Amino acid sequence: MRTEFHVSAGGVVYRRDDEGRIWIAVIRVRDRLALPKGLVEKGEKTLETAVREVQEETGLKVAPRAFLDKIDYWYYWRENGEKVRHHKVVYFYLMEYKGGDPSQHDEEVDEVLWLPIDEALEKLSYKSERQVVQKAREWLLRGRETREPPAPEPG
Ligand code: ATP
């Protein structure tokens with residue numbers, strides 16, 4: 001079976017309300033709740049892709065604060081009668097919300113939702129993304145996010 005390899009990058013966008021509660025931006029595509037992300041283009045660093053894709057998909061302006069994690073998964077698609085195996089790696093960054101309008105989301109996205117971080121941890125469709133948000137939660141509760149943009153991860 002033919003295998004294709006893909007690299008994407010995305011973000012966990014957070015904001016704090018007046019009571020200090022943490023909210024996370026999540027995209028809904030049909031019945032799935034997921035983190036915004038997209039394919040790394042030629043010559044792009046994963047950090048650049050992550051910021052670009054998050055801004056395009058959600059309509060939000062963001063500032064990257066930390067590298068969180070790299071996840072990977074497999075999926076299978078039939079293309080012209082041939083079953084093709086896909087292996088995707090996704091680099092996720094923690095990103096602070098800086099403004100923008102979530103109604104200006106990408107047309108591939110049905111809705112952008114702000115969820116309290118604990119609700120995002122329950123409702124995100126993929127376990128690996130829930131683990132990334134758990135990592136973001138630990139960073140934010142410890143105040144470990146940097147004020148400077150993080151160094152991009154290789155890849
Ligand atoms: P990208 O956002 O990287 O441009 P895409 O939207 O074209 O990609 P994916 O989100 O990678 O495609 O979805 C391809 C397949 O993988 C779908 O069947 C989707 O349900 C599944 N999938 C997406 N994310 C995960 C994940 N974290 N774990 C397991 N399966 C996933």
Side-chain angles (χ1 to χ4, degrees), residues 5-41 44-76 86-155:
F5 183 64
H6 313 274
V7 183
S8 281
V12 178
V13 181
Y14 70 92
R15 66 190 294 185
R16 288 192 169 93
D17 66 18
D18 294 342
E19 277 95 57
R21 282 178 304 218
I22 301 165
W23 297 71
I24 299 294
V26 165
I27 61 168
R28 181 177 66 76
V29 180
R30 292 179 294 278
D31 61 344
R32 302 245 159 96
L33 291 182
L35 297 173
K37 64 166 173 56
L39 286 181
V40 175
E41 287 176 2
E44 243 182 358
K45 301 276 187 211
T46 59
L47 176 61
E48 294 165 347
T49 308
V51 171
R52 177 180 59 73
E53 284 286 346
V54 166
Q55 295 190 155
E56 281 174 14
E57 285 200 332
T58 64
L60 303 175
K61 293 270 166 284
V62 297
R65 294 300 182 211
F67 170 71
L68 287 172
D69 212 354
K70 179 178 123 179
I71 65 165
D72 80 298
Y73 54 91
W74 298 81
Y75 54 97
Y76 299 82
H86 296 265
H87 187 197
K88 185 177 284 191
V89 169
V90 190
Y91 292 79
F92 278 107
Y93 293 85
L94 182 64
M95 298 180 180
E96 186 175 355
Y97 164 75
K98 287 289 176 185
D101 179 355
S103 72
Q104 298 301 305
H105 61 74
D106 197 285
E107 57 184 22
E108 291 167 26
V109 170
D110 292 311
E111 201 180 358
V112 177
L113 301 165
W114 280 108
L115 297 181
I117 193 162
D118 290 337
E119 199 176 325
L121 280 168
E122 283 172 21
K123 291 193 173 165
L124 281 165
S125 297
Y126 304 107
K127 184 178 179 199
S128 52
E129 292 196 348
R130 295 196 293 272
Q131 286 169 341
V132 171
V133 173
Q134 181 58 40
K135 210 156 203 175
R137 189 172 176 274
E138 284 160 21
W139 272 81
L140 292 166
L141 292 179
R142 290 190 201 138
R144 279 172 68 197
E145 71 271 23
T146 56
R147 291 294 115 195
E148 297 299 318
E153 286 302 298

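The shown structure was predicted, so the numbers you read here are calculated from the model rather than taken from an experiment.
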Contact summary for Leu121 and Arg130, nearest pair of heavy atoms: O-CD, 2.9 Å

Gap separating the CG atom of Leu124 from the NZ atom of Lys127, nearest 0.5 angstrom: 14.0 Å

Taking every non-hydrogen atom, the tightest pair across Ile27 and Thr58: CG2-CG2, 4.0 Å

Ring center gap for Tyr97 and Trp23 short of 6.0 angstrom: no

From CD1 (Ile117) to CD (Gln134), nearest 0.5 Å: 8.0 Å

Spacing of Trp114 atom CH2 and Asp17 atom CG [to the nearest 0.5 Å]: 11.0 Å

Spacing of Ile24 atom CD1 and Leu140 atom CG [to the nearest 0.5 Å]: 6.5 Å

Glu129 vs Lys37 side-chain heavy atoms within contact, under 4.5 Å: yes

side-chain contact (heavy atoms from CB on, under 4.5 Å) assessment of Val29 paired with Glu108: CA-CA 7 Å; Val29 180; Glu108 291 167 26; over 6 Å; no

Close side-chain approach of Lys88 to Ser8, heavy-atom, < 4.5 Å: yes

Distance-minimising heavy-atom pair for Gly10 and Val90: N-CG1, 4.3 Å

Smallest separation among heavy atoms of Tyr93 and Ala50, with atom names: CD1-CB, 3.6 Å

Approximate separation, where rounding is to 0.5 Å, of Leu113 CG and Glu111 CD: 4.0 Å

Within-4.5 Å side-chain heavy-atom neighbours: Lys135 and Phe92: no

Glu41 side chain vs Thr49 backbone, donor-acceptor pair below 3.5 Å: no

Aromatic ring pairing Tyr91/Phe67, orientation class (parallel under 30°, perpendicular over 60°, tilted between): tilted

Pairwise distance CD(Gln131) to CG(Asp69) - rounded to 0.5 angstrom: 8.0 Å

From CA spacing to verdict: side-chain contact (heavy atoms from CB on, under 4.5 Å), His86, Tyr76: CA-CA 6 Å; His86 296 265; Tyr76 299 82; over 6 Å; no

Carboxylate-amine/guanidinium proximity below 4.0 Å for Glu48 and Arg52: no

Closest heavy-atom pair and its distance - Val112, His105: CG2-CB, 3.5 Å

Test side-chain contact (heavy atoms from CB on, under 4.5 Å) applied to Leu68 and Trp139, step by step: CA-CA 9 Å; Leu68 287 172; Trp139 272 81; 3.6 Å; yes

Within 6.0 angstrom of Lys70 NZ, more than 12 heavy atoms from elsewhere: no

Geometric class of the Tyr126/Tyr73 ring pair [parallel <30°, tilted 30-60°, perpendicular >60°]: parallel

Minimum-distance pair of heavy atoms, taken over all atoms of Gly11 and Val54: N-CG2, 3.4 Å

Validation row: Arg137, Ile22 side chains within 4.5 angstrom (heavy atoms): no

